[in-house]
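Encoded as structure tokens, the structure appears first; notes follow it.
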Amino acid sequence: MKRTAFLLIAAFALISCGQKEKVWENPMVGVSSADQITIQKVVFAQDTTYVFMENYYPSMAGFTFGKDTYIEADGIRYAIKGCDSFELGEYITTDPDTWRKQFTLFFEPVPRTTKVFDLMEGTFEGAYNFFNIRAHGTELPVAEVPAEYLADYPEYDEWPAMEYSENPITLHFKALNYKKGMNARIDVSNFDITDPSSFNEQQIYLDDNGMAEYSTVIYYPEEIQVTMLLGSSNRASSVYPMMAPGEELTLLMDMNVVADSIHDAFVGFKGYMAKYNKWSHEANLVRMAYKEDSPTLAKWTFKNAQTVSELIAGYDSVMTSVQEYCDRHGFTEFERKHFFDYELRYLNLVSEYSDSLFHTQEFLDYILSKRPECFFGDNIVPDFDYLDLCSLFAGTEVNGKGAVFCRYLYGVSQLRGGKKVEKPYIEDPYLSNLYDRLSGGINNEMAKNKDMVTAPNVHYLDLADVAPENILPTILDRFKGKTVVLDMWATWCGWCIKGHQEMAGYKEEVKDKDIVFLYLTSSSSPFDQWMHYTATVPGEHYYLTEEQDKYLSRSIWGTGGVPKYAIFDAEGSQLYKQLGWGGLDTIRVEIDKALEK
């Protein structure tokens with residue numbers, strides 16, 4: 001009798017436990033086709049499974065979830081029952097003020113014993129799908145990497161020769177543990193020597209078999225940035241393979257490899273420089289995990305320098321630490337090539353934090369006598385961040401592939417920025433020919449752009465010949481007697497656009513006062529997009545050269561980021577400056593103060 005009573009009590013306890021809800025707070029998401037949508041909580045109740053979600057997009061955005069959305073767990077589908085804040089299939093938008101929309105999807109009850117499930121809108125293009133949703137601590141099975149992606153490839157004896165070509169590279173992508181509907185996005189970018197102010201950026205998507213192919217022209221050996229979005233909150237996995245024109249490389253990914261810290265899905269390489277690219281990728285991950293072991297940038301070394309001698313001493317000290325880092329890890333000469341751009345990184349910091357000392361003849365003489373390999377050997381200037389370094393060689397005829405490349409890049413950047421410059425000394429026949437081709441095309445494009453500007457408040461490179469240090473006084477002089485609100489922005493900057501939107505109503509309030517809203521941008525903003533905004537954002541719009549933009553950014557705010565704001569009184573004196581959009585309330589207080597003066 002006692003035994004029967006005990007069994008009944010135990011059975012009742014089990015049933016009671018079964019009635020309890022199971023909750024996953026902020027669950028992990030392996031791969032998502034909607035990186036702006038996060039899953040905040042999953043509740044497994046007796047009659048319904050609730051998925052709490054939020055859409056956050058840096059401008060007002062529309063979206064919908066279809067009526068056929070479902071959860072798939074252990075091969076079984078559980079249909080959607082509804083949503084708490086909109087009708088399924090209905091097109092809705094995020095909040096215009098917060099850019100957010102919180103909502104909850106209701107599904108048929110998924111077993112509480114479920115460890116992993118997928119939330120699927122469908123396998124069609126653009127569907128919102130979330131794969132491998134699970135509680136923290138739940139690991140996924142890792143795929144076995146095929147032997148050919150782990151082989152000990154022969155060591156490349158030499159770094160790729162610095163030779164120019166327009167033979168395209170080809171990247172092949174293959175994913176393991178791939179499910180139909182993932183439609184994973186891969187962003188590929190590389191420095192574009194035909195437009196040094198930008199990157200060549202493309203988005204490609206894996207097909208239903210988890211494969212994709214990408215080809216582009218890179219002109220010379222360089223690292224390609226490959227980033228795959230792995231889930232919500234912009235979590236991503238990146239790799240930087242070295243490629244040379246005409247070569248091919250296959251990248252192998254495991255869709256189940258999503259760690260809590262370093263989200264690394266790239267597990268294998270096959271083809272060009274596979275051994276080096278594997279080593280380089282692993283070394284990058286190690287440096288991310290153990291930052292204290294990496295050479296320190298020590299910006300203070302350059303910020304605090306008062307003389308060129310102090311600057312040189314600081315630079316030599318930093319480069320010694322880089323050399324010691326390579327020695328400490330036993331890098332071969334070939335592996336040391338991986339760090340060649342440290343010369344440029346630190347020199348770039350010198351130009352950024354000690355600009356006046358950097359541009360002295362004494363420091364230039366030091367660089368020329370030091371002859372860093374990145375300038376005079378077969379290595380190259382990696383990207384547009386180093387255009388200041390290129391200016392060192394702009395008026396010289398110093399030999400060396402790197403120095404010639406610097407002169408070419410600086411010349412093209414000046415052309416793109418609207419400057420009329422003489423062709424620099426480019427002894428490489430390929431670069432010389434490419435410069436000539438670009439020069440004609442750029443001049444024709446800019447002439448066409450200027451013809452399209454007819455509005456009196458829109459100024460496209462009208463002041464391109466004004467020295468950078470004179471550009472702000474020249475513009476402010478046109479608006480003497482008025483309060484000027486300066487807004488440095490870019491067409492691709494979401495917070496810049498949000499600032500424009502939130503300021504619109506306030507600008508109407510003060511339109512009858514002596515105030516000018518001044519908008520400045522440069523060549524990172526495509527002309528067509530810029531023209532669109534000049535028609536929709538009232539104010540005075542100026543398109544500056546890169547040099548003018550950079551000088552203003554550094555002299556007033558000390559940074560090149562956007563958005564940036566400043567307020568000037570009727571005499572042209574600066575009253576206020578601000579980095580980033582902090583909301584309307586903050587800046588309107590400062591504008592009102594200026595108007596009351």
Side-chain angles (χ1 to χ4, degrees), residues 13-58 61 63-65 69-86 88 92 94-95 98-121 127-142 177 179 181-182 184 228-237 254-265 289:
L14 288 172
I15 293 172
S16 298
C17 289
Q19 302 297 323
K20 291 182 179 178
E21 296 179 346
K22 184 172 73 171
V23 179
W24 292 349
E25 295 284 355
N26 298 311
M28 297 184 69
V29 179
V31 177
S32 168
S33 62
D35 58 354
Q36 78 274 17
I37 299 179
T38 57
I39 298 178
Q40 300 175 317
K41 182 167 63 174
V42 178
V43 177
F44 298 86
Q46 181 178 8
D47 299 322
T48 304
T49 294
Y50 304 90
V51 181
F52 295 80
M53 311 182 82
E54 179 182 72
N55 189 346
Y56 171 67
Y57 196 78
F63 69 103
T64 184
F65 269 88
T69 301
Y70 61 90
I71 283 177
E72 184 166 326
D74 299 320
I76 301 174
R77 292 188 178 186
Y78 301 87
I80 195 167
K81 296 163 63 176
C83 177
D84 68 338
S85 58
F86 57 85
L88 296 176
I92 60 168
T94 53
D95 185 273
T98 65
W99 297 345
R100 298 178 184 273
K101 177 67 177 178
Q102 293 183 330
F103 57 97
T104 305
L105 301 181
F106 311 140
F107 293 88
E108 294 176 343
V110 178
R112 297 178 182 83
T113 55
T114 298
K115 301 294 184 183
V116 180
F117 69 83
D118 303 329
L119 192 161
M120 303 281 294
E121 192 181 12
Y128 290 153
N129 295 330
F130 306 81
F131 292 87
N132 297 327
I133 303 168
R134 61 202 188 278
H136 285 271
T138 302
E139 296 184 359
L140 301 175
V142 177
N177 281 318
K179 299 177 183 177
M182 279 185 170
M228 184 174 69
L229 297 179
L230 292 178
S232 303
S233 303
N234 293 315
R235 293 185 296 114
S237 181
D254 185 348
M255 307 308 285
N256 280 0
V257 179
V258 184
D260 288 329
S261 55
I262 301 170
H263 308 288
D264 178 38

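Residues take their numbers from the sequence shown, with the count starting at 1.
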* Residues forming a salt bridge (Lys or Arg N to Asp or Glu O under 4.0 Å) with E25, sequence neighbours excluded -> none
* Can you list the residues that meet the ring pair (Phe, Tyr, Trp, His ring centres under 6.0 Å) rule with F117, with sequence neighbours excluded? -> W24
* Asked: Among all residues two or more places apart in sequence or in another chain, which pass the salt bridge (Lys or Arg N to Asp or Glu O under 4.0 Å) test with E139?
  -> none
* To do: Nearest 0.5 Å please: distance from the NE2 atom of H136 over to the CG atom of N26.
  => 6.0 Å
* Asked: Taking only residues two or more places apart in sequence, or in another chain, which ones meet I92 in a side-chain contact (heavy atoms from CB on, under 4.5 Å)?
  -> F63, F86, E90, K101
* **Test item: T104 side-chain N/O and D84 main-chain N/O as donor-acceptor pair under 3.5 Å** => no
* Please list, chain by chain and in numerical order, all residues satisfying side chain to side chain donor-acceptor pair (under 3.5 Å) with N55, sequence neighbours excluded. => none
* Asked: How far apart are the closest heavy atoms of I39 and M53, and which atoms are they?
  -> CG1-CE, 3.8 Å
* Atom pair CD1 (I71) and CG (D118), whose distance is rounded to the nearest 0.5 Å -> 9.5 Å
* Value rounded to 0.5 Å, distance of CD1 in I37 from OH in Y56 -> 14.5 Å
* Asked: Does Y128 have any ring pair (Phe, Tyr, Trp, His ring centres under 6.0 Å) partners at least two apart in sequence or in another chain, and if so, which?
  -> F65
* Structure fact -> P111 meets the side-chain contact (heavy atoms from CB on, under 4.5 Å) criterion, sequence neighbours left out, with Y78, T113, T114
* Partners of K81 by side-chain contact (heavy atoms from CB on, under 4.5 Å), sequence neighbours excluded? -> T48, F106, E108
* Residue pair S237 / A265: nearest heavy atoms and the distance that separates them -> OG-N, 2.8 Å
* Set of side-chain contact (heavy atoms from CB on, under 4.5 Å) partners for Q102, sequence neighbours left out -> Q40, E54
* Asked: Quick one: side chain to side chain donor-acceptor pair (under 3.5 Å) partners of N132, sequence neighbours excluded?
  -> K179, N256
* Would a 4.5 Å heavy-atom cut-off, applied to side chains only, mark L119 and F107 as touching? -> yes
